[in-house]
Amino acid sequence: MKQVIVSWSSGKDSALALHRLMQDRNYSVVGLVTTYVNDRVPFQETPINVVRAQASRLNLPLLEIELPKVFPDNEVYQSLIIDHLQNSSLEIDAVAFGDIYCNGIEAYRRSYLEPAGFECIFPLMNHSSIDLANAVFEAGIVAKVITVDTEQLHGSFVGEIYDKELIDKLPKDIDVCGEDGEFHTLVINMPLFNQPLKIDWQTINRNGRFHYLKYQLKKS
């Protein structure tokens, strides 16, 4: 079996990719890898301690890569990723991603990871968004919408559980997986977790283009 590390955003797509790989006898998942800036995962705005809590509930080691800013130069970004993968204590043959659309991201990831010796795996690539949304539900992945780009989707969706009812309410021009950046999610439970995340949900920040739900881990 190939030893694979899963790129972990804290949301439903990376959770579904992990779920599928755990069921594939060709791969052995050895850990998760995430990037963060100022103690938060970009776009999701997930605090890094919440990502650590997810990894703990999955009983998987978490490889953390701190970026100098959200969009560092390609050379800097690629160097950080490769250095951390190569210097990790984990045996890694491949890196898996939850990307859905074949819009150039697949070729980009392969362009710098494969020359460094890492295979790239895309368990969700080229599947329809509605099929993947249904797969999230069928897998028992429970996620909450935590950020919304209000230039694409109304901010009232922040804080809603990602379920079939939400999918039915989305405007027809919105990708049901939010793959165009319309919204991002946080996984709070899934069958692979040894227990759900315990979250103290707070207020919704509605200032600016991106509305997001403020929250923190419960202390007990």
Side-chain angles (χ1 to χ4, degrees), residues 5-19 29 31-72 77 80-81 84 97-98 133 136-137 139-163 165-167 169-170 177-179 181-220:
I5 193 167
V6 177
S7 179
W8 186 259
S9 68
S10 77
K12 59 178 177 50
D13 296 336
S14 52
L16 182 59
L18 172 64
H19 171 79
V29 177
L32 309 175
V33 57
T34 195
T35 58
Y36 68 98
V37 181
N38 296 327
D39 292 328
R40 288 183 176 272
V41 176
F43 309 117
Q44 265 85 357
E45 287 295 313
T46 309
I48 191 65
N49 70 324
V50 173
V51 180
R52 291 169 184 154
Q54 290 176 320
S56 176
R57 281 156 175 76
L58 289 164
N59 197 31
L60 288 170
L62 176 66
L63 181 59
E64 301 175 21
I65 305 177
E66 184 173 11
L67 303 178
K69 56 183 179 180
V70 175
F71 292 111
Y77 175 80
L80 282 169
I81 300 297
H84 278 77
F97 299 92
V136 168
F137 308 143
I141 296 168
V142 181
K144 186 184 281 280
V145 176
I146 53 170
T147 66
V148 164
D149 179 356
T150 61
E151 290 190 359
Q152 303 187 71
L153 181 65
H154 197 276
S156 61
F157 283 90
V158 176
E160 292 207 20
I161 291 292
Y162 183 78
D163 57 14
E165 183 178 346
L166 180 141
I167 294 302
K169 291 191 297 185
L170 287 173
C177 285
E179 190 65 2
E182 300 98 328
F183 62 89
H184 296 285
T185 62
L186 173 73
V187 172
I188 53 180
N189 198 17
M190 61 186 296
L192 292 173
F193 277 15
N194 55 37
Q195 61 176 314
L197 284 183
K198 296 179 180 180
I199 300 290
D200 178 17
W201 304 109
Q202 300 173 337
T203 60
I204 297 174
N205 186 321
R206 299 195 183 278
N207 296 320
R209 171 179 171 179
F210 296 94
H211 292 185
Y212 60 91
L213 179 60
K214 294 182 177 181
Y215 61 91
Q216 61 184 16
L217 282 175
K218 287 185 176 179
K219 295 183 179 179
S220 60

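- Annotation for Gln195: atom CD counts as buried by contact number, over 12 foreign heavy atoms lying within 6.0 Å.
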Item to check | Verdict with reasoning, Trp8 to Val41, per side chain to side chain contact (heavy atoms under 4.5 Å, CB included) | outcome: CA-CA 10 Å; Trp8 186 259; Val41 176; over 6 Å; no

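- Between Thr185 and Lys12, the shortest heavy-atom contact is OG1-N, 3.0 Å.
- No side-chain heavy atom of Val33 sits under 4.5 Å from any side-chain heavy atom of His84.
- Judged by distance alone, with hydrogens and angles left aside, the side-chain atoms of Thr147 form a donor-acceptor pair with the main-chain N or O of Phe43 at under 3.5 Å.
- Between the side chain of Arg57 and the backbone N or O of Pro196, at least one donor-acceptor pair lies under 3.5 Å.
- Side-chain atoms of Gln54 come within 3.5 Å of backbone N or O of Val187 as a donor-acceptor pair.
- Two residues are said to be in side-chain contact when any heavy atoms from C-beta on lie closer than 4.5 Å; His184 and Glu45 fail this criterion.
- Annotation for Tyr77 and Pro72: closest pair CB-CG, 3.9 Å, computed over non-hydrogen atoms.
- The heavy-atom pair separating Ile188 from Ile199 by the smallest distance is CG2-CG1, 4.5 Å.
- Put simply, the side chain of Thr34 does not reach to within 4.5 Å of the side chain of Thr46, judged on heavy atoms.
- Residues Val136 and Cys177 fail the side-chain proximity criterion, which asks for heavy atoms closer than 4.5 Å.
- Other residues, nucleotides and ligands place no more than 12 heavy atoms under 6.0 Å from the CG atom of Asn59.
- In this structure, the side chain of Lys144 engages the main chain of Gly159 through a donor-acceptor pair within 3.5 Å.
- By the neighbour-count criterion of 12 heavy atoms within 6.0 Å, atom CG of Asp200 is densely surrounded, having more than that number from other residues, nucleotides or ligands.
- Among Ile146, Leu213, Leu166, the single residue meeting the side-chain contact (heavy atoms from CB on, under 4.5 Å) criterion with Glu160 is Leu166.
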Next on the checklist: Could you walk me through whether Leu58 and Leu18 satisfy the side chain to side chain contact (heavy atoms under 4.5 Å, CB included) test, starting with their C-alpha distance in whole Å, then the side-chain angles of each, then the deciding distance to 0.1 Å, before giving a yes or no?
Outcome noted: CA-CA 10 Å; Leu58 289 164; Leu18 172 64; 3.7 Å; yes

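- A 4.5 Å side-chain heavy-atom check between Lys169 and Phe157 finds at least one atom pair inside the cut-off.
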